[in-house]
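To keep things clear, I will list the structure first and then write my remarks on it.
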2 protein chains.
Amino acid sequence: MSTDQTLSEEDLRQALELLFFAYRDFTGEADTLLEDFGFGRAHHRVIYFVNRNPSISVNGLLRILKITKQSLSRVLGQLVREGFIDQKTDSHDRRRRTLTLTDKGIELESRLTKCQGVRMQQAFAASGENAVQGFKKVLSEMINAEDRKRYTGGAPHTD
Amino acid sequence: MSTDQTLSEEDLRQALELLFFAYRDFTGEADTLLEDFGFGRAHHRVIYFVNRNPSISVNGLLRILKITKQSLSRVLGQLVREGFIDQKTDSHDRRRRTLTLTDKGIELESRLTKCQGVRMQQAFAASGENAVQGFKKVLSEMINAEDRKRYTGGAPHTD
DNA sequence: AAAATACGTCAGCAATGTTGACTTATATTG
DNA sequence: CAATATAAGTCAACATTGCTGACGTATTTT
């Protein structure tokens, strides 16, 4: 599982740059689509994680996104007002508001994810199954331990 | 080199999330260090690529970063004024200004890159050489074709 | 001499993050 | 039941980092 091999500084710098350019190009396409709706990347993240965690609470979303509630409120408020997200009082704890995508929200989420999915699928197809495993492995090792549980498992974060 | 295998939507979404969380956590540490200097991520990128391409011109830098000269000027101006970057008139074409890190700039660049390099090295060590190859392969496939030549080779972009 | 290029600057705007303070419901706890 | 904690919302101010548009100046190319 672990090797003692150390990469040269040049190899390391190449990897740093790869990550920078790849991330920029990767997000670029979805950004263009979002502009058509007057939204930005922050809206994208909210839509994505609400779809991924239906009925999530506001606090739950904050814990995933790691931004302040004031920041979230700006974009979330827009999404609710414009009918992309449905917000209702949780019957078990009436202090909470559960967040769920509307049909309109689901459609936008689908378009956005398809947009990024296509590029990633193409990169995966061109790289091979083995490379994909390595890609995922390295990324998961780069994530903070506390968050590693958050990305996967599909276990909804409704709290 | 290429497979026809298509990942499930769940696999794809996991990869999307991995990239999001990994990138955020990856940049987080350097951001903290930058704060001590009153700098942001934009300054980091300028310092990084000036170090990587000594004597690069302003236009050359703009082509790598893909931002406007007005955006660059804000951060570049700060870095020059505060003595992290040395700017001098190119003797071959006196319209151009060549950008190079000062000793102070080199030291900061070194600290910043070490900061990110350590995390990446650890992820690499925990993932194994084979995974690292896959990681790089997939990232390079995700980069826009026009930029793919820019990340590597170490060929300075002095123009 | 005219046009193109490289650089810089001023002004204003937008997206998205931050802090701090305060209010209203609702739930939990002593 | 009263006190406290939690969930959510809101108002205001500010910082960073993108953007556009409009100029000005020096230098090189045509």
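Each chain gets a letter, A, B and so on, in the order its sequence line appears, and its residues count up from 1. Note that these values count all heavy atoms, side chains included, but never hydrogens, waters or copies made by symmetry.
- Taking the six-membered ring where the residue is Trp, the centroids of Tyr23(A) and Phe26(B) are separated by 6.0 Å or more.
- Rounded to whole angstrom, the span from the NZ atom of Lys66(B) across to the C1' atom of dC19(D) amounts to 16 Å.
- Nearest nucleotide to the Arg96(B) side chain, out of dA6(C), dT16(C), dT26(C): dA6(C).
- Rounded to an integer number of Å, the gap from Phe39(B) CZ to dT16(D) C1' is 13 Å.
- Just one of Leu79(B), Asp86(B), Leu101(B) meets the side-chain contact (heavy atoms from CB on, under 4.5 Å) condition when paired with Val50(B); it is Leu101(B).
- The Lys69(A) side chain lies nearest to dC22(C) when the options are dG8(C), dC22(C), dG18(D).
- Between Thr68(A) and Arg95(A), the one whose closest nucleotide on DNA chain C sits nearer the 5' end is Thr68(A).
- Computed from coordinates, the Asp31(B) CG to dT16(C) P distance equals 17 Å when rounded to whole Å.
- Put simply, the side chain of Arg74(A) and the base of dG9(D) share no donor and acceptor less than 3.5 Å apart.
- Taking atom CG on Asp93(B) and atom C1' on dA4(C), their separation rounds to 12 Å, with Å as the unit.
- The side chain of Asn59(A) contributes an N or O atom lying less than 4.0 Å from OP1 or OP2 of dA8(D).
- The residue Arg41(A) sits close only to the backbone: its heavy atoms come under 4.0 Å of sugar-phosphate atoms, none of a base.
- For the pair Ile67(A) CD1 and dA15(C) P, the computed distance is 15 Å after rounding to whole Å.
- Rounding to the nearest 0.5 Å places CD1 of Ile143(A) at 10.0 Å from CZ of Phe20(B).
- Note on Ser73(B): every side-chain N or O is 4.0 Å or more away from OP1 and OP2 of dG8(C).
- Taking atom CZ of Arg45(A) as the reference point, atom P of dA15(C) lies 15 Å away to the nearest angstrom.
- Each of Thr98(B) and His43(A) was assigned the nucleotide of DNA chain C with the nearest heavy atom; the assignment lying further toward the 5' end belongs to Thr98(B).
- With Leu139(B) as the partner, the side-chain contact (heavy atoms from CB on, under 4.5 Å) test is satisfied by one option alone out of Leu139(A), Val138(A), Asp25(A), Leu19(A): Leu19(A).
- In this structure, Gln78(B) reaches neither bases nor backbone, as no heavy-atom distance under 4.0 Å exists between it and the strands shown.
- Rounded to an integer number of Å, the gap from Gln87(A) CD to dT10(D) C1' is 14 Å.
- For Gln70(A) against dG20(C), a side-chain N or O and a base N or O form a donor-acceptor pair under 3.5 Å.
- Contact annotation: Arg94(A) reaches the phosphate of dT26(C) (side-chain N/O to OP1 or OP2, under 4.0 Å).
- Once rounded to the nearest 0.5 Å, the distance linking CZ of Arg45(A) with CZ of Arg24(B) reads 8.5 Å.
- The nearest whole Å value for the distance from the CG atom in Leu61(A) to the C1' atom in dA7(D) is 14 Å.
- Contact annotation for Glu35(B): no contact, since no heavy-atom pair falls under 4.0 Å across all strands.
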